[in-house]
S.K.: 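Below you will find the structure I want to go over with you.
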Amino acid sequence: MHLSNYIGKYWTGAEVIYAVIIAMTFTSVLRTYIAIPVGSYFPIIYSALFCCIAWGIADGSFYIWERNYNLGIENNIIDICKSDLKGEAAIPLISEQLENTIISNISEEKRLELYRDLTLHLAATGKKETVSTRDALNIILGTSLISTASGIIVVLPFFLADKLIHALAMSNLLGILLLFITGYYRTYEKDLYGKVRSGFGTTVIGMSIAAITIVLGG
């Protein structure tokens, strides 16, 4: 299964954005050391990569934690539906789970009717199992690989360019391009204009966050 099947399309793209911001924040420090010899700044580059790896592992762990928490709530609702023939006790819990979804667009009366129907269907279903060890490893490995690969793309010019100023310029361009591509493919828009708009929007937001982080000494 793809990582997006576990954590969703939105957060899969967000992992790329996080890694780009992390890498660009680290490499921005080198702007004040343009004259230093080639290779002497590698400790900063490696630190950026290790931070991207650590971020991917940490994020993957949090996704698993969140998923198991949500599964616990869902199983609790199913238990209540099974034990309560009318399912009235489960309706507030179902409402809490769905109030921030597309369901909120319909009237309260229709929502209540839908929730009552759901309690009947949930009472006839089995409970879900928590995230398996295999799925947990897939999530952590997936987030770590995405974060690491994105970081490598941003810092690659520092291993290829002869001059630091050229490496910084190419690194920034690659980071901007990666942000645009992520926004372009992460959107649910179908038309080209919508995809391009999402790409530019993601680029602006990502660069703004990176700039704020740098200014704050991040």
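Small disclaimer: the values here were computed from a predicted structure and weren't measured. In what follows, every heavy atom counts, from backbone to side chain, and hydrogens, waters and symmetry copies are set aside. FYI, the numbering just counts along the sequence from 1.
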S.K.: Has Ser28 got a side-chain atom pairing as donor or acceptor with Thr25's backbone, closer than 3.5 angstrom?
M.R.: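 Checking the backbone N and O of Thr25 against the side chain of Ser28, a donor-acceptor pair under 3.5 Å is found.
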S.K.: Can you say whether the rings of Trp11 and Tyr18 are parallel (under 30°), tilted (30 to 60°) or perpendicular (over 60°)?
M.R.: tilted
S.K.: Donor-acceptor pair, Ser198 side chain versus Gly183 backbone, under 3.5 Å?
M.R.: yes
S.K.: Under 3.5 Å, is there a donor-acceptor pair linking the side chains of Glu15 and Tyr63?
M.R.: yes
S.K.: Do the side chain of Thr148 and the main chain of Leu145 share a donor and acceptor less than 3.5 angstrom apart?
M.R.: no
S.K.: What's the separation between atom CG in Asn76 and atom CG in Leu71, rounded to the nearest 0.5 Å?
M.R.: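 The CG atom of Leu71 is 12.5 Å from CG of Asn76, to the nearest 0.5 Å.
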S.K.: Can you tell me if CD1 on Ile102 sees more than 12 non-hydrogen neighbours from other groups inside 6.0 Å?
M.R.: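 12 or below, so no.
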S.K.: Output yes when a side-chain donor or acceptor of Ser147 lies under 3.5 Å from a complementary backbone atom of Ser144, and no otherwise.
M.R.: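 Judged by distance alone, no pair lies under 3.5 Å.
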S.K.: Okay, side chain of Lys195, backbone of Tyr188: is any donor-acceptor separation there less than 3.5 Å?
M.R.: no
S.K.: For the side chain of Asn68 and the backbone of Trp65, is there at least one donor-acceptor N/O pair under 3.5 Å apart?
M.R.: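 Judged by distance alone, no pair lies under 3.5 Å.
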S.K.: Would you check if the side chain of Thr203 reaches a backbone N or O of Gly199 as a donor-acceptor pair within less than 3.5 Å?
M.R.: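 Yes; at least one donor-acceptor contact below 3.5 Å.
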S.K.: Got a donor-acceptor contact below 3.5 angstrom from the Asn75 side chain to the Lys128 backbone?
M.R.: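 Yes; at least one donor-acceptor contact below 3.5 Å.
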S.K.: Hey, do the aromatic rings of Phe42 and Phe159 have their centres closer than 6.0 Å?
M.R.: yes
S.K.: Give, for atom CD1 of Ile80 and atom CG of Leu93, the distance between the pair rounded to the nearest 0.5 Å.
M.R.: 5.0 Å
S.K.: State whether the side chain of Ser171 and the backbone N or O of Pro157 hold a donor-acceptor pair below 3.5 Å, judged by distance alone.
M.R.: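 Side chain of Ser171 to backbone of Pro157, a donor-acceptor pair under 3.5 Å: no, none is there.
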S.K.: When rounded to the nearest 0.5 angstrom, what distance separates CD1 in Ile103 from OH in Tyr115?
M.R.: 6.5 Å
